[in-house]
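Notes for the one structure printed next.
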There are 2 protein chains.
Amino acid sequence: MLPAKRRARILEVLGAEQMVSLKDLSEALGISISTVRRDVDYLDEAGYLSRTHGGAISTARASTTFEPEAAIASAIESAAKAAIGAVAAQLIQPGQSVLFDSGTTTAAAARAAAKLSIPFTAMTNDVMIASCLSQNALVQTSVTGGTMRSGTTTLLGADAVNSVARLRADIAFVGTHAITPEVLSDTSLELADLKRRFMAAADRVILLVDSSKFFNRAFCAFGETSAVDLVLTDSRISADATAALKDRGIDLRMVDIAP
Amino acid sequence: MLPAKRRARILEVLGAEQMVSLKDLSEALGISISTVRRDVDYLDEAGYLSRTHGGAISTARASTTFEPEAAIASAIESAAKAAIGAVAAQLIQPGQSVLFDSGTTTAAAARAAAKLSIPFTAMTNDVMIASCLSQNALVQTSVTGGTMRSGTTTLLGADAVNSVARLRADIAFVGTHAITPEVLSDTSLELADLKRRFMAAADRVILLVDSSKFFNRAFCAFGETSAVDLVLTDSRISADATAALKDRGIDLRMVDIAP
DNA sequence: GAAACATCTTGAACTATTTTGGTAGAACAT
DNA sequence: ATGTTCTACCAAAATAGTTCAAGATGTTTC
């Protein structure tokens, strides 16, 4: 297994468990304790987790504005994201207009949507999603203007907001950095602002969120769960989380993850 | 198997897998590990993927770049474009604002510019160029809005035009499909319109054009050679062409092609 | 066209570097 | 006190970098 893959898996475990011992990690990943120790130290150094005696605890999401580098973000929960994306794409009807928020989960949806053979119109503020969708000649792809923060593929700022403000769409696929039973939140004001616009511009808001995002709070709230028409998540979501959302009458669909 | 085909297949694998070891690639493609290593290093250099010890992981672009092999080939295999791009990047001064037209030659300039360690502001209508530039934290990258035609990474249309119309930049790097001693031309009205705006918005217009574009005419003229402040081309340009341009008082610089 | 020549690419052999898993003693928690 | 975890080190394995000869490709010359 590749070092990078190993580290991503460690973060996945930590996303689900909050706390793990090095021993457990060593057994779960089938690698020696020495290597686990080195990986965990590395991730600690890089700020992805915190070390404790004998193990590691997740810290990334506790820090409300922390964003992992793109390479790692896309590797974390990649199976869950792909599964969620595949189901999301199936919800698109021929001829509809669809908004794709930026993010790795919505990117998975775009990748699946690009393989559909139905025509639809798409708009996104993520250049990676855009170039993905534009592979399919049936998809009319538009991109918001805006400014990219370095290391990301996300367009933000006044131009992006204005582009979205003029629109009316059938569906918005929105991602989120964190979700509680009531609130969706993300890491920056600008991101939050734009997500709010996406949600306001669409008849049907579909939230794509893998199970590791429950229940956390990030820096900046951008909407309420009640404003979402459908939540798509993976089957690793906890019973607590499903109950809390269903109590609020939120339509929740779980997607089985391929091994 | 052709080198270009090999590299395209590596990107294809990487689009599906997120990470692969060199060993796996070697087996999957039936080529030696040495060759895989060379290909992967090459693609890393060109920004299509990132290397890790023992393998490669997909960057934003790799997972979306199911570009036809021909597109990859023309984008990264051309020594002339790379050489022109490298020289173009050197013309950027710290703090300047720079417009990057869409196209493979301007993309080469963007790749070189992304490796500079000077801060500047960039605006482009090509999402590939944008994701290239945004890898450098010193570069403030903006993207025009617009619509993508399928199979391309180019943004066109009213939104793109409007984005550019508001700007004033120090430099515009402009590509062209064809050039005669008097006229620059390209393949579509929309493209031509946007290129015209780029040229009007910049104090200094620098035309990046490899020698194969002399002297042809494409469907739609978008400007006169006299409106260009500097023409950068490669040394394979014919003597006729240089003479014709110099007769018109056009500043022409030839770039030696690296071996 | 074909032969001769130069150039580039490939795969393999070899060396250097990095990574890995193990071990021994020190530090730690209960 | 006792078992566990940490640090530091080592040898083995894997990967990266280098070099080179054989083959493929491209160019020139006749």
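The sequence lines fix the lettering, A, B, ..., with proteins before strands; numbering per chain opens at 1. Computed from a prediction, not measured in an experiment: that's the story for all the values here.
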Exercise for the section: Calculate the interatomic distance between Leu29(A) atom CG and dG21(C) atom P; express it in whole Å. Expected result: 11 Å

Practice task
Mind calculating the distance between CD (Glu27(A)) and P (dG21(C)) to the nearest angstrom?
Solution key: 14 Å

Handout entry: Whole-Å distance separating the OH atom of Tyr42(A) from the P atom of dT20(C)
Key = 12 Å

Problem - Nearest-angstrom distance from the residue atom CD1 of Ile31(A) to C1' of dA13(D) - result: 16 Å

Exercise for the section: Using atom types as modelled and distance alone, determine if a side-chain donor or acceptor of Glu224(B) lies under 3.5 Å from a backbone N or O of Val183(B). Expected result: no

Handout entry: Salt bridge Arg248(B)-Glu182(B), side-chain N to carboxylate O under 4.0 Å
Key = yes

Exercise for the section: To the nearest 0.5 Å, tell me how far Arg9(A) CZ sits from Ile31(A) CD1. Expected result: 9.0 Å

Handout entry: Pairwise 5' ranking along DNA chain D for Thr52(B) and His53(A), keeping only the more 5' one
Key = His53(A)

Fill in the blank from the handout: Between CG of Asp39(B) and C1' of dT9(C) the distance, given in whole Å, is 11 Å

Exercise for the section: Consider only side-chain N and O atoms of Thr35(B) and Ser32(B), and report whether a donor and an acceptor are under 3.5 Å apart. Expected result: yes

Problem - Base-contact (B) and sugar-phosphate-only (S) positions in nucleotides 17-25 of chain D, heavy-atom cut-off under 4.0 Å, - elsewhere - result: ---------

Exercise for the section: Could you tell me the separation between the CG atom of Leu25(A) and the P atom of dT5(D), rounded to a whole number of Å? Expected result: 12 Å

Exercise for the section: Select one nucleotide: of dT5(D), dT10(C), dT20(C), the one nearest the side-chain heavy atoms of Thr35(A). Expected result: dT20(C)

Handout entry: Sugar-phosphate, base or nothing in reach of Leu22(A), heavy atoms under 4.0 Å
Key = sugar-phosphate

Practice task
Look up atom CD1 in Ile237(A) and atom CZ in Phe214(A), then write down how far apart they are to the nearest 0.5 Å.
Solution key: 3.5 Å

Completion exercise
The answer to which of Leu2(B) and Ser32(A) contacts DNA chain C further toward the 5' end, by nearest nucleotide, is Leu2(B)

Handout entry: Side-chain donor/acceptor of Thr59(A) to backbone N/O of Leu49(A), under 3.5 Å
Key = no

Problem - Shortest side-chain distance from Arg6(A), nucleotide among dT20(C), dT10(C), dC6(D) - result: dT20(C)

Practice task
Answer yes when Arg7(B) and Asp39(B) have at least one side-chain N-carboxylate O distance shorter than 4.0 Å, and no when they do not.
Solution key: yes

